[in-house]
Amino acid sequence: QVQLVESGGGLVQAGGSLRLSCAVSGRTLSAYASSWFRQAPGKEREFVAAISWSDGNTYYGDSVKGRFTISKDNAKNTVYLQMNSLKPEDTAKYYCAMRGSNIASTREGLYRYWGQGTQVTVSS
C-alpha cells in the first residue's frame with residue numbers, strides 16, 4: 001500500500017515562494033512517475049507538474065512553466081514542488097500523485113495513488 005503525505009502549504013503574499021513536499025511510504029518501486037495537481041474551489045483539478053523517477057524527466061502545465069520546479073530525492077522517497085513568483089490564481093489545494101509506471105503523464109486518471117492535499121493561498 002502506497003501512502004503519500006503532502007506538506008508545506010500555507011499563506012503567502014503574491015510574489016513569494018513556497019516549497020511543497022510529498023513523502024511517499026509503503027511498497028514503492030523505483031520506477032514510478034510522480035506528479036502534482038491542484039484544484040481551486042469551483043474548478044476542475046489541474047495538472048501542475050510531473051517527474052519520472054528513473055530519469056528525472058519533468059513536465060509542467062503552461063500556467064506554471066518558468067515559476068515552478070518539480071524535483072525528487074530518491075533516498076528520501078520524497079517529491080518536491082518549488083513554487084516561485086506566486087500569484088493569487090495559484091491559490092488551490094495541491095495534491096501529490098503517483099502511478100505504477102515510469103512514464104509521467106498529465107492525465108489525472110492514470111495516477112493510482114493520491115495524497116490528501118495541502119492548501120496554498122496566495123494573497124494579493
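These values consider heavy atoms only, across backbone and side chains, with no hydrogens, waters or symmetry-generated copies. Sequential numbering from 1 along the given sequence is applied to the chain's residues.
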Among Ser21, Cys96, Ser71, the one residue meeting side-chain contact (heavy atoms from CB on, under 4.5 Å) with Thr78: Ser21
task: Please confirm whether the backbone N or O of Thr121 pairs with a side-chain atom of Thr91, one donor and one acceptor, at under 3.5 Å?
output: no
- request: Give the ring-plane orientation class for Trp114 versus Phe37, where under 30° counts as parallel, over 60° as perpendicular and anything between as tilted.
  value: tilted
message: Which Ile, Leu, Val, Met, Phe, Trp or Tyr residues join Tyr80 in one cluster when any pair of side-chain heavy atoms under 4.5 Å counts as a link?
response: none
Neighbour count >12 (heavy atoms, 6.0 Å) for atom CD, Gln119: yes
Can you give each donor-acceptor pair under 3.5 Å made by side-chain atoms of residues 40-50, sequence neighbours left out, with the distance rounded to 0.1 Å?
from, atom 1, to, atom 2, distance (Å)
Glu46, OE1, Arg38, NE, 2.8
Glu46, OE1, Arg38, NH2, 3.3
Glu46, OE2, Ser63, OG, 3.1

message: Donor-acceptor pair, distance only, cut-off 3.5 Å: does the side chain of Gln3 make one with the backbone of Gly26?
response: no
- request: Establish, from distance only, whether the side-chain atoms of Ser17 and Asn84 form a donor-acceptor pair under 3.5 Å.
  value: yes
- prompt: Looking only at heavy atoms, which two atoms of Tyr94 and Leu81 are closest? And how far apart?
  reply: CD2-CD2, 4.1 Å
message: For residues Val12 and Val64: do they belong to one hydrophobic cluster (side chain heavy atoms under 4.5 Å, members Ile, Leu, Val, Met, Phe, Trp, Tyr)?
response: yes
query: So if you build clusters from Ile, Leu, Val, Met, Phe, Trp, Tyr with side-chain heavy-atom gaps below 4.5 Å, do Leu20 and Tyr59 land together?
result: no
field: Check: Gly100 main-chain N/O paired with Tyr113 side-chain donor or acceptor under 3.5 Å
entry: no
Atom pair CZ/CE of Phe68 and Met83 - distance to nearest 0.5 Å: 5.5 Å
- request: Ignoring hydrogens and angles, tell me if any N or O in the side chain of Tyr111 forms a donor-acceptor pair with the backbone of Ser105 under 3.5 Å.
  value: yes
- request: Any chance you could measure Ser101, atom OG, to Arg112, atom CZ, to the nearest 0.5 Å?
  value: 13.0 Å
statement: CE (Met98) and SG (Cys22) are apart, to the nearest 0.5 Å, by 7.5 Å
- request: Decide yes or no on side-chain contact (heavy atoms from CB on, under 4.5 Å) for Val120 and Leu18, but give the supporting numbers first.
  value: CA-CA 9 Å; Val120 172; Leu18 281 175; 3.9 Å; yes
- request: Using the test salt bridge (charged side-chain N to carboxylate O under 4.0 Å, His left out), find all partners of Arg67 that sit at least two apart in sequence or belong to another chain.
  value: Asp90
query: Is there a chain of hydrophobic side chains (I, L, V, M, F, W, Y, each step under 4.5 Å between heavy atoms) that links Ile51 to Tyr95?
result: no
message: For the backbone of Gly15 and the side chain of Ser85, can you confirm whether one donor and one acceptor N or O come within less than 3.5 Å of each other?
response: no
Closest non-hydrogen atom pair, Pro88 against Ala14: CD-CB, 4.1 Å
query: Can you tell me how far OG of Ser35 sits from CZ of Arg107, rounded to the nearest 0.5 angstrom?
result: 13.0 Å
